Amino acid sequence: MTRITTTFERLQAEGRSAFVTFVMAGDPDFDRSLEIVQGLPGAGADIIELGMPFTDPMADGPAIQLAGQRALEAGMTLDRTLELVRRFREGDSDTPIVLMGYYNPIYSKGVDRFLAEAGAAGVDGLIVVDLPPEEDEELCIPAQKAGLNFIRLATPTTDDRRLPRVLQNTSGFVYYVSITGITGSASANADAVAPEVARIRDASGLPVCVGFGIKTADSARDIASVADGAVVGSAIVSMVGDGKSTDEVLGFVRSLADGAHAA
Amino acid sequence: MASDMRNSFMTGPDERGRFGDFGGRFVSETLMPLILDLEAEYDRAKEDDSFWAEMDDLWKHYVGRPSPLYFAERLTEHFGGAKIYLKRDELNHTGAHKINNVLGQILLARRMGKTRIIAETGAGQHGVATATVCARFGLKCVVFMGATDVERQAPNVFRMKLLGAEVVPVTSGRGTLKDAMNEALRDWVTHVDETFYCIGTVAGPHPYPAMVRDFQSIIGKETKEQMQAREGRLPDSLVACIGGGSNAMGLFHPFLDDPSVRIIGVEAGGHGVDEKMEHAASLTGGRPGVLHGNRTYLLQDDDGQIIEGHSISAGLDYPGIGPEHAWLHDMGRVEYVSVTDTEALDAFQLSCRTEGIIPALEPSHALAHVTKIAPDLPSDHLLVMNMCGRGDKDIFTVAEALGVDMSS
């Protein structure tokens with residue numbers, strides 16, 4: 001039982017969907033990033049996805065690529081990302097934190113060490129883009145054993161034949177990628193997404209959050225009306241990239257959250 | 001060794017695409033079904049005589065295979081040691097070994113009904129080969145090339161355009177080969193239905209490392225036959241340069257279970273393999289990690305962030321290496337060494353003046369290592385070096401390095 005499970009149970013009781021925000025750890029620098037993350041729950045975020053910066057983000061569009069570059073240039077590392085989670089937890093013991101990124105920095109640190117430190121820091125789940133079920137022994141299974149949720153991406157190319165394999169070791173929630181493409185590209189279409197969400201929910205018994213291609217309060221509302229959660233990332237990190245203040249970024253997050261919660 | 005299959009070096013990868021711990025399928029879920037489809041199609045094609053018959057016909061009449069195994073008499077005299085043979089893959093159509101593999105992948109793409117081919121390229125040789133074969137079969141071709149490389153490899157960019165390809169300059173990251181590969185993967189995720197990703201080296205997610213190796217192994221198979229015909233026996237040593245490692249794997253693979261054959265891979269040492277990391281020698285100066293779909297040796301910092309390689313040769317300038325090389329390195333079957341930019345430049349000039357062959361900067365690295373070992377080997381030692389590409393594309397880089405102004 002992680003904070004993720006508890007959060008979805010609470011939201012279900014309240015009859016609403018989750019609003020999930022993605023920001024890049026250390027973007028534009030450690031202190032500003034911490035300030036933004038600390039403000040997210042107050043701005044309406046139910047779950048926080050925190051990007052672990054990587055030099056080669058193969059599944060990400062320009063907005064998140066640049067966010068990662070800014071963070072790395074400002075000296076961000078995986079250890080500092082865990083430090084950021086620790087600092088966040090000093091003031092918030094309820095909001096789930098999901099670390100999202102690529103495998104190499106974790107592999108480089110050492111899977112066991114990483115899992116121990118992430119758990120101690122207050123991380124609840126992991127999304128690692130370049131670890132499909134075929135590579136579950138690498139991190140997914142050790143993570144479950146360490147008490148962290150391993151959240152898998154399901155995509156439009158995941159057909160019925162393959163879906164059980166994708167869901168097999170998934171926990172917490174399933175992240176449905178609404179488009180074939182990279183983060184922040186084409187817009188998600190709620191009509192097309194609805195049957196996919198139902199299919200995955202039926203097969204997994206887990207909440208299904210939808211991301212990739214949600215940019216406005218309206219689309220957050222549309223997606224949240226058919227899914228258990230809507231994820232917004234690129235639109236938020238673009239504001240950080242445009243040099244907006246923490247208040248402006250959080251104001252935008254608030255407007256998206258209102259959209260998602262209006263569903 | 002060859003008689004005992006359990007000790008064979010030629011049976012990999014396993015069903016998970018692993019060579020020991022290396023290789024694998026580290027890709028996003030969107031790509032996973034595509035990679036499984038490709039693997040299934042390749043498994044079918046590989047057992048299909050008509051597939052290989054078409055390959056053989058194109059290799060012979062379009063590429064100009066078999067490439068000669070040439071006795072380099074003047075280099076042999078110059079070194080005064082081993083008998084030097086050059087495997088002349090630089091004489092292939094498009095000027096390098098790259099086309100051996102591209103042909104195979106494009107024939108596969110046609111079997112799969114794919115209409116749009118994407119490729120990454122560094123120096124431009126793989127891009128040119130892909131553009132060429134796409135033109136030959138009337139397929140749409142999009143080549144991703146780092147913006148930095150677009151600038152320093154202008155002639156190849158123009159060649160690709162003449163051949164009808166679209167060249168997309170990649171500005172993300174530092175604008176070099178690894179960024180071009182990231183962008184190609186991003187494109188593939190976006191255009192899953194009609195697109196075939198034609199990878200240029202023995203890296204990437206399974207089945208690419210094995211498939212590209214199989215297509216390039218024509219180099220080693222021919223060498224084995226040609227040496228048998230010429231000298232009546234196996235060569236004593238093989239030397240090839242390594243970026244991702246496809247020309248080397250192609251030459252080495254058919255000899256892996258011949259224990260008498262010493263095999264040496266030569267990485268790009270750039271300004272020298274030291275803590276400054278201004279090189280592209282992943283095995284000599286890197287450590288295992290996961291990038292671009294496979295686990296292999298990578299240039300990376302303490303945090304697991306990837307470090308840009310450096311080499312005077314844009315074709316060796318990649319922070320990783322094929323996973324099978326990583327495994328052969330750890331098993332000790334193949335020796336891996338590195339030579340510097342300066343040593344490669346000297347070898348480049350030696351080849352021009354001694355044999356009348358202007359080599360690419362990539363095989364100049366192999367020759368630089370031959371320079372170090374050949375003089376001390378006996379005169380009956382048969383050494384084969386893979387002359388995997390010709391140097392037309394490199395004359396501007398070499399002129400600059402030698403302080404020659406070609407604009408005046």
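Source: prediction; values computed, not measured. Proteins come first, then strands; the chains are lettered A, B, ... in the order of their sequence lines, and each starts at number 1.
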* **Gap between atom CD of B:Glu29 and atom CG of A:Leu163 - 0.5 Å precision** => 9.0 Å

* To do: Please indicate whether B:Glu194 has more than 12 foreign heavy atoms, meaning atoms of other residues, nucleotides or ligands, lying under 6.0 Å from its CD.
  => yes

* Spatial distance of atom CG (B:Asp302) from atom NZ (A:Lys109) [nearest 0.5 Å] -> 11.5 Å

* Asked: Non-hydrogen atoms of chain B under 4.5 Å away: do they reach the side chain of A:Asp159, the backbone, both or neither?
  -> neither

* Begin from the C-alpha positions of B:Ser28 and A:Met58 and carry the test side chain to side chain contact (heavy atoms under 4.5 Å, CB included) through to its verdict. => CA-CA 9 Å; B:Ser28 65; A:Met58 276 112 37; over 6 Å; no

* Structure fact -> A:Tyr107 and B:Pro288 have their tightest heavy-atom pair at CE2-O, 3.6 Å

* Asked: Under 4.5 Å between any side-chain heavy atoms of A:Ser108 and B:Arg287, yes or no?
  -> yes

* Sort A:Ile179 into side chain, backbone, both or neither according to what part of it lies under 4.5 angstrom from a heavy atom of chain B. => neither

* To do: Determine the minimum heavy-atom distance between A:Leu78 and B:Asp303, stating which atoms define it.
  => N-OD1, 3.0 Å

* Asked: Heavy-atom distance under 4.5 Å to chain B: side chain of A:Met76, backbone, both or neither?
  -> backbone

* To do: Work out which heavy atom in A:Thr157 is nearest to a heavy atom in B:Pro33; give both atom names and the distance.
  => O-CG, 3.3 Å

* Top contributor to chain B interface from A:Asp60, A:Asp79, A:Leu66 [non-hydrogen pairs under 4.5 Å] -> A:Asp60

* Hey, what do you get for CG (A:Asp56) to NZ (B:Lys178), rounding to the nearest 0.5 Å? -> 3.5 Å

* Asked: Side chain, backbone, both or neither: which part of A:Val128 has a heavy atom under 4.5 Å from chain B?
  -> neither

* Interatomic distance, A:Thr55 atom OG1 to B:Ile307 atom CD1 [nearest 0.5 angstrom] -> 9.0 Å

* So what's closer than 4.5 Å to chain A heavy atoms on B:Arg174: side chain, backbone, both or neither? -> neither

* Asked: By a 4.5 Å heavy-atom criterion (distance strictly below it), what part of A:Pro53 contacts chain B: side chain, backbone, both, or neither?
  -> backbone

* To do: Please round to the nearest 0.5 Å and tell me the distance separating atom CG of A:Asn104 and atom CD of B:Gln305.
  => 8.0 Å

* Asked: What distance do A:Ile182 atom CD1 and B:Thr30 atom OG1 have between them, rounded to the nearest 0.5 Å?
  -> 11.0 Å

* To do: Check whether B:His292 gets within reach of chain A through its side chain, its backbone, both or neither, counting any heavy atom under 4.5 Å.
  => both

* To do: Begin from the C-alpha positions of B:Leu291 and A:Phe54 and carry the test side chain to side chain contact (heavy atoms under 4.5 Å, CB included) through to its verdict.
  => CA-CA 11 Å; B:Leu291 178 72; A:Phe54 183 49; 4.1 Å; yes

* To do: Show the numbers, then the answer: is there a side chain to side chain contact (heavy atoms under 4.5 Å, CB included) between B:Leu36 and A:Glu134?
  => CA-CA 11 Å; B:Leu36 293 173; A:Glu134 279 72 8; 4.0 Å; yes

* A:Glu137 and B:Arg18: CA distance, side-chain angles, deciding distance, salt bridge (charged side-chain N to carboxylate O under 4.0 Å, His left out) verdict -> CA-CA 13 Å; A:Glu137 285 126 69; B:Arg18 299 289 183 99; over 6 Å; no

* Checking B:Arg186 side chain against A:Pro57 main chain: does a donor-acceptor pair fall under 3.5 Å? -> yes

* To do: Taking all non-hydrogen atoms of both residues into account, name the closest pair between B:Arg25 and A:Pro132 and its distance.
  => O-CG, 3.2 Å

